[in-house]
Amino acid sequence: MIPWLELNSPFPDVSAALTEVDGAAGLLAAGADLSPRRLLDAYRHGIFPWLSENQPILWWSTDPRMVLRTDQFVISSSLHKVLRKVHRSMASDRRWQVRFDFAFEQVMRECAAPRGDEGGTWISEDIVIGYRALHRLGYAHSSEVWLDGKLVGGAYGVSIGQMFYGESMFTRVSDASKIALAYLVHFLRQHGVSMIDCQQQTSHLASLGAAPIPRSQFLTHLRQTIDHPQIHHWRPLPLFAD
């Protein structure tokens, strides 16, 4: 049994999370709320919420933990060509634009939209409200790709000190989410962030350079990075010198 958290209940130690043998690997607790205080406390301890509509809030701490080291982000030759095209456009006709935090809530809602045959989404209205509050406090950020004035791709996550926790991505045109991620990774790397938390293992994340590490190693990294000063000026940086 996992514990039920009241509003003032502390999180249990992540070592108490369920395992594969229990049938819900990484599940730690349920309940409480999605207030900024609760969310920040969760992230600082390697915990994240993941739930479905009409379900209680579920808190997770997976082991191993999927992470993307910013110096190991994979840019394929085809993506490199696309990024070059976007870079040139941003300096000339401006059909393509990359922005940070211009439409944070819209990015979240696009990430929550149905995808193909997938049913439902873990990005509930309560999740949107909770992360919108984090955004207003300067902890949640979005990387956005715009084409001809329309939002066509993006990614968002949580930034604490020199740690970034990726939450979700979406795309409406080919490679748009990868463009958003490329600019985000470049920005974070320039600001001393060496690791992005990806939470769970997927083949798509692996193709971009993410890999699993033991939760203990992940928690050690958190302790070394989350107390650094916050990044305050979120503006995309050029990927190319020319």
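Taking both residues in full, the closest heavy atoms of D33 and R38 are given as O-CG, 3.1 Å, listed atom of the first, atom of the second, then distance. For the pair T70 and M195, the tightest heavy-atom approach, listed with the atom from each and the gap, is CG2-N, 4.3 Å. Closest heavy-atom contact between C111 and I123: CB-CD1, 3.7 Å. Counting all heavy atoms, side chain and backbone alike, A17 lies closest to L28 at N-CD1, 3.6 Å. The heavy-atom pair separating G138 from Q230 by the smallest distance is O-NE2, 3.9 Å. Closest heavy-atom contact between A206 and M66: N-CE, 3.8 Å.
For R215 and F218, the positive end is not near the middle of the six-membered ring at less than 6.0 Å and at most 45° from its axis.
A salt bridge is absent between R132 and E125: the closest approach of a Lys/Arg side-chain nitrogen to an acidic carboxylate oxygen does not fall below 4.0 angstrom. Contact check on R65 versus D197 returns a salt bridge, with a Lys/Arg side-chain nitrogen under 4.0 Å from an Asp/Glu carboxylate oxygen.
To the nearest 0.5 Å, atom CG of residue L39 and atom CZ of residue R44 are 12.5 Å apart. Taking OG from S142 and CG from L184, the interatomic distance works out to 9.5 Å, rounded to the nearest 0.5 Å. Separation of atoms CG (L40) and CD1 (I160) is listed at 5.0 Å; rounding is to 0.5 Å.
The shortest distance between side-chain heavy atoms of F187 and F100 falls below 4.5 Å. Looking at Y43 and L222, their side chains never come closer than 4.5 Å, going by heavy atoms from C-beta outward. In this structure, Q224 and Q162 have side chains that are not in contact, with every pair of non-hydrogen atoms separated by 4.5 Å or more. Considering only heavy atoms from C-beta on, E110 stays 4.5 Å or farther from M169 through its side chain. By the 4.5 Å heavy-atom criterion applied to side chains, F102 and L151 are not counted as neighbours. Proximity of R189 to H186: side-chain heavy atoms (C-beta onward) are nowhere separated by under 4.5 Å. P64 is listed as a side-chain neighbour of Q201, based on a closest heavy-atom distance under 4.5 Å. Contact annotation: the side chain of L27 approaches that of L58 to within less than 4.5 Å [non-hydrogen atoms, C-beta and beyond].
H80 and F240 have their aromatic ring centers within a separation under 6.0 angstrom. Taking the centre of each ring, Y165 and F48 stay at or above the 6.0 Å mark.
Within 6.0 Å of atom CG in N8, 12 or fewer heavy atoms from other residues, nucleotides or ligands are found, so the atom counts as exposed in its surroundings. Within a 6.0 Å radius of CZ in R94, other residues, nucleotides and ligands contribute 12 heavy atoms or fewer.
Formation of a donor-acceptor pair under 3.5 Å by the E144 side chain with backbone atoms of V98 is not found in this model. Between the side chain of S124 and the backbone N or O of I127 there is at least one donor-acceptor pair closer than 3.5 Å. Under the 3.5 Å distance criterion, the side-chain polar atoms of S92 are matched with a main-chain donor or acceptor of R88. Between the side chain of T19 and the backbone N or O of A25, no donor-acceptor pair lies under 3.5 Å.
A single hydrophobic cluster is not seen to contain both V74 and V82; linkage of ILVMFWY side chains at heavy-atom distances under 4.5 Å, directly or through other members, places them apart.
Using cut-offs of 30° and 60° on the angle between ring planes, the pair F164 and W234 is tilted. Relative orientation of the W60 and W50 rings is perpendicular, given thresholds of 30° and 60° on the angle between their planes. Note: F104 and H135 have parallel aromatic rings, judged against thresholds of 30 and 60 degrees for the angle between ring planes.
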Side chain to side chain contact (heavy atoms under 4.5 Å, CB included) between D41 and I47, intermediate numbers included: CA-CA 8 Å; D41 186 47; I47 302 165; over 6 Å; no

CA sep, side-chain torsions, deciding dist, call: L34, I57, side chain to side chain contact (heavy atoms under 4.5 Å, CB included): CA-CA 8 Å; L34 293 168; I57 301 168; 3.6 Å; yes

Chi angles and distances behind the side chain to side chain contact (heavy atoms under 4.5 Å, CB included) call for Y156, S168: CA-CA 6 Å; Y156 78 95; S168 189; 3.7 Å; yes

